[in-house]
Number of protein chains: 2
Amino acid sequence: MQVPLYQAKAEFFRMLGHPVRIRVLELLQGGPMPVRELLAAIEIEPSNLSQQLAVLRRSGIVTATRSSSTVVYELAGGDVAELLRAARRILTELLAGQEDLLAELRQSEMTGDIA
Amino acid sequence: MQVPLYQAKAEFFRMLGHPVRIRVLELLQGGPMPVRELLAAIEIEPSNLSQQLAVLRRSGIVTATRSSSTVVYELAGGDVAELLRAARRILTELLAGQEDLLAELRQSEMTGDIA
DNA sequence: TGGCGAATTGAAGAACTCTTCAATCCTACG
DNA sequence: CGTAGGATTGAAGAGTTCTTCAATTCGCCA
């Protein structure tokens with residue numbers, strides 16, 4: 001097949017790059033969940049949720065199964081929790097760094113510093 | 001501050017969602033590296049690399065320092081390796097899944113199956 | 001000071017992704 | 001059969017992100 005590897009990695013991260021999709025993945029870590037419940041937990045229009053679920057499905061990170069009139073989603077496997085934990089660790093540092101910068105900025109505003 | 005959390009997480013992943021940026025992060029795991037070397041390792045126009053480096057800088061995941069005429073980039077901290085490892089584990093499964101599908105598809109083409 | 005190499009910036013158009021709408025599909029039930 | 005609820009799809013416009021170009025900055029050295 002030989003799809004450029006960095007391309008595939010980038011696509012994977014882009015697939016995660018949407019608040020609703022992240023939220024869905026976090027919710028599914030508690031086990032399979034019907035669309036109806038996702039819809040109740042995440043406040044969003046049904047068609048918008050469907051679009052985001054379609055993105056997740058296409059990537060293969062979740063699977064959907066229909067049980068009579070409801071559709072149930074679940075994680076396709078893979079340790080998504082570990083990934084999100086690693087991301088959270090870094091993000092925490094980055095946000096802390098930004099607060100530091102912000103504090104510095106406020107400081108220099110008060111003292112009238114140009115730098 | 002209270003920036004919506006899922007928004008911040010999504011932005012973080014979007015920041016990772018570009019082949020050149022992933023490649024830079026992987027290269028920087030071996031230690032600080034001047035732009036010139038990044039440029040040699042990743043084949044891309046200088047201004048394009050600069051744009052991608054600017055995205056990484058803005059997010060705070062890397063820092064740049066100028067030593068005379070060269071600029072050296074390095075990871076700002078944070079366990080980026082762990083994150084990329086977790087991503088690779090999942091991605092491996094997903095790509096395996098896709099190959100299975102592809103194999104099925106090829107199979108049905110040969111047998112003339114419509115489904 | 002002038003010019004050179006290294007890197008960055010700004011801006012413009014192409015390419016992609018998001019949100020929303022109306023239309024559709026599917027299953028169950030009256 | 002017809003209709004209703006649950007979910008998905010397709011398409012259009014708004015909004016973002018990418019790539020590329022020319023222009024700029026910065027430090028150096030002749």
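Heavy-atom basis, side chains included; hydrogens, waters and symmetry copies ignored. All chains are named by letter (A, B, ...) in the order of the sequence lines, taking the proteins before the strands, and each is independently numbered beginning at 1.
In terms of heavy atoms, B:L56 sits closest to B:S59 at O-OG, 2.8 Å. Of all the heavy atoms in A:G60 and A:A76, the pair that sits closest is O-CB, 3.2 Å.
Protein chain B contacts DNA chain C over a range whose 5' and 3' limits, counting nucleotides with an atom under 4.0 angstrom from a non-hydrogen atom, are C:dA6 to C:dA11.
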Extract all donor-acceptor atom pairs below 3.5 Å that involve side chains of residues 14-37 of chain A and protein atoms in other chains or at least two apart in sequence.
| residue | atom | partner | partner atom | Å |
| --- | --- | --- | --- | --- |
| A:R14 | NE | B:G17 | O | 3.1 |
| A:H18 | ND1 | A:V20 | N | 3.1 |
| A:R21 | NE | A:M15 | O | 2.7 |
| A:R21 | NH1 | A:Q52 | OE1 | 2.7 |
| A:R21 | NH2 | A:R14 | O | 3.3 |
| A:E26 | OE1 | B:Y6 | OH | 3.2 |
| A:E26 | OE2 | B:K9 | NZ | 2.7 |

Pairs under 3.5 angstrom only: tabulate donor-acceptor contacts from the side chains of residues 84-95 of chain A to other protein residues two or more places apart or in another chain.
| residue | atom | partner | partner atom | Å |
| --- | --- | --- | --- | --- |
| A:R85 | NH1 | A:E82 | OE1 | 2.6 |
| A:T92 | OG1 | A:R88 | O | 2.7 |
| A:E93 | OE1 | B:G78 | N | 3.2 |

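Within residues 48-59 of chain A, the residues having any heavy atom under 4.0 Å from DNA chain C are, by residue number, A:N48, A:Q51, A:Q52. Of the residues in residues 11-36 of chain B, those lying under 4.0 Å from DNA chain C by heavy-atom distance are B:V35, B:R36.
Comparing A:S47 and A:R66, the nucleotide of DNA chain C nearest to each residue sits closer to the 5' end for A:S47.
Rounded to an integer number of Å, the gap from A:E37 CD to D:dA7 C1' is 15 Å.
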Q) After noting the C-alpha distance and the side-chain angles of B:L53 and B:V71, does the key distance pass the side chain to side chain contact (heavy atoms under 4.5 Å, CB included) rule? A) CA-CA 11 Å; B:L53 289 173; B:V71 175; over 6 Å; no

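Residue pairs meeting the salt bridge (charged side-chain N to carboxylate O under 4.0 Å, His left out) criterion with at least one partner in residues 57-81 of chain B, sequence neighbours excluded, are absent.
Put simply, the side chain of B:L39 reaches to within 4.5 Å of the side chain of B:I44, judged on heavy atoms.
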